[in-house]
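One-based numbering, in listed order, for ligands and for the atoms of each. Because the structure is predicted, anything quoted here is derived from the model rather than measured. The analysis underlying the following values was restricted to heavy atoms, covering all of them including side chains, and did not include hydrogens, waters or symmetry mates.
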Amino acid sequence: MIREYSMENRGKEIKIVGILGGGQLARMTATAAYKLGLQIAILDPAPDSPAQQVTELKVVGPLNDISMIRKVASLSDILTLENEFVDASLLREVESDGVLIYPRADTLGLVQDKLLQKQLLDSNGIRVPRFMAVSEKEDVYKAGETLGWPLVLKARRNGYDGRGNALINGPSSVEDVWRRFEQTRIPLMVEEFVEFKKELAVMVARSSNGEVAVYPVVETIQKNHICHMVKAPAEISPESLENAKEIARKTIEVIDGVGIFGIEMFFLNDERILINELAPRPHNSGHYTIEACVTSQFENHVRAILGLPLGSTSMVLPTAVMVNLLGTRSGPVNIKGLRDALKIPGVSVHIYGKKTTRPGRKMGHVTVLANSIEEALDKATRAAKLISF
Ligand code: ADP
């Protein structure tokens with residue numbers, strides 16, 4: 001019976017998708033996979049992680065441990081990831097065991113290092129902020145002379161929600177910031193501080209047989225470096241919307257990406273677009289697609305890695321707003337306000353099932369579709385204010 005539900009990729013029958021990481025991205029990917037009749041296996045250190053809660057097939061252990069990756073691979077027909085922090089060299093080894101992994105280890109190796117990522121984009125004519133590698137403190141002073149102040153110092157790897165970044169206003173603050181970052185022993189880079197008008201993001205999926213699907217361009221609004229709100233579509237000129245989509249399409253080809261990718265961009269006053277960074281996975285800026293698009297980012301990710309036809313990325317109503325629900329205190333979760341939020345017509349609430357909360361932790365999100373961005377914004381912000389953890 002199960003055979004009826006199986007899919008194929010490169011002649012391999014796919015029934016179980018293994019995901020490295022068990023957070024909300026894996027949980028929402030699981031939901032999309034279940035829709036297509038697949039099963040999910042999860043590797044995550046926390047036995048009660050959001051995605052471990054929704055499957056029987058779980059491996060509890062660290063992500064950067066090859067024996068654990070092999071264990072979840074043995075339960076699965078294909079592997080994918082929900083974050084970019086798994087060492088690409090481990091994935092290369094597992095690939096050479098014959099395991100199908102998408103995005104491929106080589107793509108991940110490029111994307112998980114912000115310097116390699118930017119060098120590759122730059123050498124392919126895709127605009128990025130001006131950047132330089134820095135290996136010692138003196139390099140930062142030199143970079144300031146070349147690129148101008150302020151500079152943004154970035155850890156080349158393992159940054160998220162701005163944790164690996166620091167603003168250096170001028171030569172007098174180099175010493176302080178350098179001392180803090182030096183201890184992490186993670187290689188560093190610097191880039192010019194970009195005075196952007198808006199931040200944009202585009203989700204783009206590319207299947208293992210080369211088909212590409214580009215989602216609408218959205219505006220992302222961050223608070224304390226964490227995505228706070230997404231407005232779809234972004235309110236920029238039709239030419240700029242087209243330009244952003246074209247950049248996303250070109251980028252996924254350049255990195256030979258398979259799966260869904262989030263392309264974060266800076267939109268400048270003169271309408272130029274620079275890529276800030278790439279995420280080789282479903283992305284917070286694409287959560288609105290669950291309700292707002294014919295095919296969600298999660299479903300197109302599953303379709304892409306299985307080599308199935310990609311679904312339409314069209315929006316079902318003209319506008320959508322997504323607001324993140326973040327923790328505001330530390331401790332066990334105690335959800336309040338859900339009933340009142342759900343009373344607002346058209347509000348979709350997603351709660352990730354995390355057992356504990358802490359300030360800034362992504363606990364869920366709210367999406368509203370509407371005919372006008374004002375209406376979507378009003379309802380989504382009202383609903384988000386009502387819910388607490
Ligand atoms: P992370 O990898 O931790 O998500 P990013 O490099 O995407 O970090 O940066 C997080 C946020 O910091 C961006 O969304 C943007 O608001 C700001 N930022 C990053 N790089 C620059 C830059 N070069 N100039 C101006 N702001 C920046």
(request) State, without any angle test, whether Glu264 and His283 hold a side-chain donor-acceptor pair at a distance under 3.5 Å. (result) yes

(request) With a 4.0 angstrom cut-off on heavy atoms, strictly below it, pick out the residues next to ligand 1 and order them by chain and number. (result) Lys114, Val152, Lys154, Gly159, Tyr160, Asp161, Gly162, Arg163, Asn165, Glu191, Glu192, Phe193, Val194, Phe196, Glu199, Gln222, His225, Glu264, Phe266, Asn276, Glu277

(message) Could you check whether any side-chain N or O of Thr289 sits under 3.5 Å from a backbone N or O of Gln297, counting only pairs where one atom can act as donor and the other as acceptor?
(response) yes

(request) Would you give the length of the straight line joining atom NZ of Lys114 to atom CZ of Phe131, rounded to the nearest 0.5 angstrom? (result) 13.5 Å

(message) Would the distance check show the side chain of Ser76 and the main-chain N or O of Ala41 forming a donor-acceptor pair, the cut-off being under 3.5 Å?
(response) no

(message) Just to verify, what does Arg303 make a salt bridge (Lys or Arg N to Asp or Glu O under 4.0 Å) with, not counting sequence neighbours?
(response) Glu299

(request) May I ask you to say whether Arg104 pairs ionically with Asp106, meaning some side-chain N is under 4.0 Å from a carboxylate O? (result) no

